[in-house]
There are 2 protein chains.
Amino acid sequence: MASITRRPAADPSRRAAVEADVLAATERLLAGGARFTELGVQRIAAEAGVARSTFYLYFRDKTELLLRLAATLGDLAYGMVGTWSPAAPDALDRLAATLLEVVRFYRDRRHVLAAVLEVAGYDRVINEFWEAQLGLFVARAEELLLAEQQAGRAPADLHAATASRVMIWGGMRVIADQVANRPAEEDAAAARELAANEWWGAFRRPES
Amino acid sequence: MASITRRPAADPSRRAAVEADVLAATERLLAGGARFTELGVQRIAAEAGVARSTFYLYFRDKTELLLRLAATLGDLAYGMVGTWSPAAPDALDRLAATLLEVVRFYRDRRHVLAAVLEVAGYDRVINEFWEAQLGLFVARAEELLLAEQQAGRAPADLHAATASRVMIWGGMRVIADQVANRPAEEDAAAARELAANEWWGAFRRPES
DNA sequence: ATTCCGTCGGACATAGTGTCCGACAACATG
DNA sequence: CATGTTGTCGGACACTATGTCCGACGGAAT
C-alpha cells in the first residue's frame, strides 16, 4: 500500500528506449531483406536483445508493432503535397518537384512502406489504416480538382472523385514500385512522368 | 507387375472433376467474404466435400491452388487491350470501351483478383506470377507509346518506359479497387476517367 | 536487509501446414 | 466368386508460430 507513494513509477524514458530498440530492430531486419509476414516475434525480440515475452509487454501483437512503425508514413508526405497549388504559373514543374520530394521520402522509408502494403493485403487493421491515409490524399486532390473546374481551368465533364482516386491510388502504387524495385537515379524521371500524367491527365486535361 | 498393362490409368475426367470441385469451392469461400490467407486447407477441403489429405493429392500446396485459380486472369484481359490502337480516329472512345470491358472482366473474377493481390504481397511465387502478367501489359503500352512518338503524335520528351509503368501499375491498382469496393454502376465512369487519364496523360499529352 | 519492479526464460494451449500410412470400398479382371 | 488394384479417407505426426501465463531473479530504492 505504502508503495504507491514510495515508488515514483518507473522511469518512462527507459520504457521508451526499449520500445525504440524493438522498432529499430524491426526496421533493421526489414532492411535486411526479410518480409514482415515471415518475421517471427522471436526473431525480432532476439535482434532487439530482449526476451520474446517482453515484446508482448510493449506491443499487443505484430499488428500494433507495424502500426507504430508506420505512424509517420502518411502525415509527412501529406504536408509536402499540401503546399502545392495548381494555380501557380509553373505549377507543373512544382508538382514534379513536390512528387520527387515524396518519392524520396518514401524511399527513405521503403521497407516500412513495403511492410504496410504487404500486410494491408490480408490484415483488416492495417488495411483500414492505409486506406485512411490515402483517403486524405484523395480528398485533397478532389478539392483541388473541383476548384480548378470552378475556375474553368479543368474540363467540366471530368469526374473529380474518380479522377482523384485514379491519381492517388495509381500514383501511390507507382511510387511504391519505384522505391522498392527501381534505382534512386530514376526517381526524378519517375516523378516527372507522374506529374505530367496527373497534370495533363486531369488538372489540365484538354477538352475533348 | 501385370497391372501396368492391365489398368488403363484411371479415368482422367474424374480427376479433373475433383480438381474443379476444389477450385469451385475455393471461389465460393472467397465470394463468401473470406480472405485467401485466413482460409485453411481444412476449410477448403470440407467445402469441396473431400478429405484434407486428398487436397494434397491434387495440389502441392495453397500456392499452387491459387496459381491455378489465377491462370486465366491476365491472358484474357491482354487479348482485349491487344485490339486497341491509338491511331484510330475515335481512339479515346474505343479506349474507354476497351477498359470498360477489362473492368467488367475483372469484376467477374474480383475474388480471385483480390486473392492474388493479397498473396502477392508476401509470397514470392505469386508475386512473380503477377509481375509477369503485368509485364506483358507494360511492354505492350511501351510499344504503342514509342510508335506514337515516332509518328509525332506523342511528345518526344515523354519517357515511354516510365509512362507505361505509370499507366499499367497505376491503372491496375485502380481497377482492383474499383471492382473490390465500388458498385458496378460506376464502372463506366471509372473506365472513362482511366481512359482520359491515359490518353491525355500520355498518348496525346500536350507539348509543354 | 527488505521490498518492489521489470525482465527473463520457458511452459502452455491453440492452430495451421505438409507428410505419411493403414483401412476400406469400388471395381475390373480372371 | 475371388482377387488385386485404385483412389480416397481419416487420423497421427513433426514442425512452426502465436499469444498467455507464471515463477525466478537481479537491481534499485528505502
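Naming: A, B, ... by sequence-line order, numbering from 1 per chain.
In this structure, A:Glu38 places its CD atom 12 Å from P of D:dT18, rounding to the nearest Å. Between the P atom of C:dT19 and the CZ atom of B:Phe55 lies a distance of 11 Å, rounded to the nearest Å. At whole-Å resolution of the value, OH in B:Tyr56 and C1' in D:dC13 are 14 Å apart. The nearest whole Å value for the distance from the CG atom in B:Asp21 to the P atom in D:dC9 is 11 Å. Atom CD in A:Glu64 sits roughly 16 Å away from atom C1' in D:dT20 (whole-Å rounding). In this entry the distance linking CG of B:Leu65 with C1' of C:dG16 reads 16 Å, nearest Å. A:Asp123 has its CG atom 13 Å from the P atom of D:dT18, to the nearest Å. Between the CD atom of B:Gln42 and the P atom of C:dG18 there is a distance of 13 Å, rounded to whole Å.
Using a 4.0 Å cut-off between a side-chain N of Lys or Arg and a carboxylate O of Asp or Glu, B:Glu27 and B:Arg109 do not qualify as a salt bridge. B:Arg165 and A:Glu193 are not joined by a salt bridge, as no carboxylate oxygen comes within less than 4.0 angstrom of a charged side-chain nitrogen. A salt bridge does not link A:Glu128 to A:Arg124: none of the charged side-chain nitrogens sits closer than 4.0 Å to a carboxylate oxygen.
Side-chain N/O atoms of B:Arg52 and base N/O atoms of C:dG16 include no donor-acceptor pair closer than 3.5 Å.
Only one option out of A:Arg107, A:Arg182, A:Arg104 pairs with A:Asp187 in a salt bridge (Lys or Arg N to Asp or Glu O under 4.0 Å); it is A:Arg107.
In the set D:dT18, C:dT17, C:dC8, the nucleotide with an atom closest to the side chain of A:Lys62 is D:dT18. For A:Ser53, the listed nucleotide lying nearest its side chain is C:dG10; candidates were C:dT19, D:dT20, C:dG10. Distance from the side chain of B:Val41 is smallest for C:dT17 among the nucleotides D:dC9, C:dT17, D:dT18.
Backbone-only engagement by A:Tyr58 is indicated by non-hydrogen atom pairs under 4.0 Å involving sugar-phosphate atoms exclusively.
Contact annotation: A:Thr54 reaches the phosphate of C:dC8 (side-chain N/O to OP1 or OP2, under 4.0 Å).
Between A:Asp61 and B:Leu57, the residue anchored closer to the 5' end of DNA chain D is B:Leu57, taking for each the nucleotide with the nearest heavy atom.
Defined by atom type and a distance below 3.5 Å, a donor-acceptor pair is present between the side-chain atoms of B:Thr37 and B:Glu118.
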